[in-house]
Amino acid sequence: AQSVTQPDIHITVSEGASLELRCNYSYGATPYLFWYVQSPGQGLQLLLKYFSGDTLVQGIKGFEAEFKRSQSSFNLRKPSVHWSDAAEYFCAVGARGGADGLTFGKGTHLIIQP
Amino acid sequence: DAGITQSPRHKVTETGTPVTLRCHQTENHRYMYWYRQDPGHGLRLIHYSYGVKDTDKGEVSDGYSVSRSKTEDFLLTLESATSSQTSVYFCAISEPVQETQYFGPGTRLLVL
């Protein structure tokens with residue numbers, strides 16, 4: 001069975017500082033990987049996805065993520081965070097592109113300090 | 001934004017009462033999903049559908065049933081609601097070619 005671990009429940013970052021959110025997955029084949037963001041009281045918005053090819057993927061809002069097969073990781077990064085980035089971030093893994101549903105991590109709550 | 005609506009957006013009900021949540025899409029996507037979101041658990045898949053009248057169970061399907069009689073509508077039913085089903089319910093849609101799920105705004109359900 002597939003699984004996703006987001007080791008950090010909460011992360012606090014100063015505005016303008018760099019950010020890295022960790023995601024480790026367990027899956028028997030080539031995974032399809034996603035990062036979603038959820039602002040308070042809102043639905044989930046797709047930040048970026050990895051299916052194949054270049055292991056460094058670019059997403060919206062200046063985010064990027066790197067797929068490292070050897071480490072079973074898909075960490076999310078941003079060089080300089082803005083106060084509006086405060087939200088809950090979810091990593092997810094899917095089989096066959098997620099047609100059978102996604103398995104989500106428990107999320108990382110990002111707090112931005114002024 | 002993907003054309004996904006969920007109704008109702010908020011509902012308070014009593015234990016033992018049947019409840020039906022509706023997900024409606026205007027994208028004509030083949031796949032539809034129901035997830036629940038609970039603190040400390042992320043999102044967990046309840047049921048999904050890969051076409052009209054074609055559905056399958058997810059990770060946390062006990063106590064839930066679904067129906068899909070039209071491409072655009074996917075209904076989630078709690079036959080007899082329990083307090084453990086208090087949650088936020090999200091619908092999602094995807095297409096085999098795109099293989100990315102897009103989420104609705106969610107339904108907040110409180111079972112007293």
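Quantities reported herein were computed from a predicted structural model and do not represent experimental measurements. Labels below follow one simple rule: chain letters A, B, ... track the order of the sequence lines, proteins then strands, and each chain is numbered from 1.
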Quiz item: Given a strict heavy-atom distance threshold of 4.5 Å, which part of A/Gln38 is in contact with chain B: side chain, backbone, both, or neither?
Solution: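 Side chain of A/Gln38 only, per the 4.5 Å heavy-atom cut-off to chain B.
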Self-check item: Part of A/Leu46 lying under 4.5 Å from any heavy atom of chain B
Solution: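 For A/Leu46, side-chain heavy atoms alone lie under 4.5 Å from chain B.
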[atom2] on [Y] to [atom1] on [X], rounded to 0.5 Å:
X: A/Glu88; Y: B/Gln37; atom1: CD; atom2: CD; value: 7.5 Å
X: A/Gln45; Y: B/Tyr102; atom1: CD; atom2: OH; value: 10.5 Å
X: B/Gln101; Y: A/Leu44; atom1: CD; atom2: CG; value: 10.5 Å

Quiz item: Looking at B/Gly40, B/Ala92, B/Pro105, which has the largest count of heavy-atom pairs under 4.5 Å with chain A?
Solution: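 Among B/Gly40, B/Ala92, B/Pro105, the one with the most close pairs to chain A is B/Gly40.
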Self-check item: Which atom of B/Thr100 lies closest to which atom of A/Tyr36, heavy atoms considered
Solution: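 Distance-wise, the nearest heavy atoms are CG2-OH, 4.3 Å.
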Quiz item: Which atom pair, heavy atoms only, marks the closest approach of A/Gln42 to B/Phe90?
Solution: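 For A/Gln42 versus B/Phe90, the nearest heavy atoms are O-CZ, 3.9 Å.
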Quiz item: In the single-linkage hydrophobic clustering (I, L, V, M, F, W, Y; side-chain heavy atoms under 4.5 Å), do B/Leu75 and B/Val88 co-cluster?
Solution: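 B/Leu75 does not cluster with B/Val88.
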Quiz item: Under 4.5 Å between side-chain heavy atoms, hopping through other hydrophobics if needed: is there a path connecting A/Ile60 to A/Tyr50?
Solution: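 Cluster IDs for A/Ile60 and A/Tyr50 match.
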Quiz item: Any donor-acceptor pair under 3.5 Å linking the side chain of B/Tyr35 with the backbone of A/Leu102?
Solution: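 Yes: the side chain of B/Tyr35 pairs with the backbone of A/Leu102.
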Quiz prompt | B/Arg108, CZ atom: more than 12 neighbouring heavy atoms under 6.0 Å | solution =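 Counting other residues, nucleotides and ligands, CZ of B/Arg108 stays at 12 neighbours or fewer.
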Quiz item: Can you tell me if CD on B/Glu14 sees more than 12 non-hydrogen neighbours from other groups inside 6.0 Å?
Solution: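 Not more than 12 within 6.0 Å, no.
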Quiz prompt | Contacting moiety of B/Tyr50, where chain A heavy atoms sit under 4.5 Å | solution =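 The answer is neither part of B/Tyr50.
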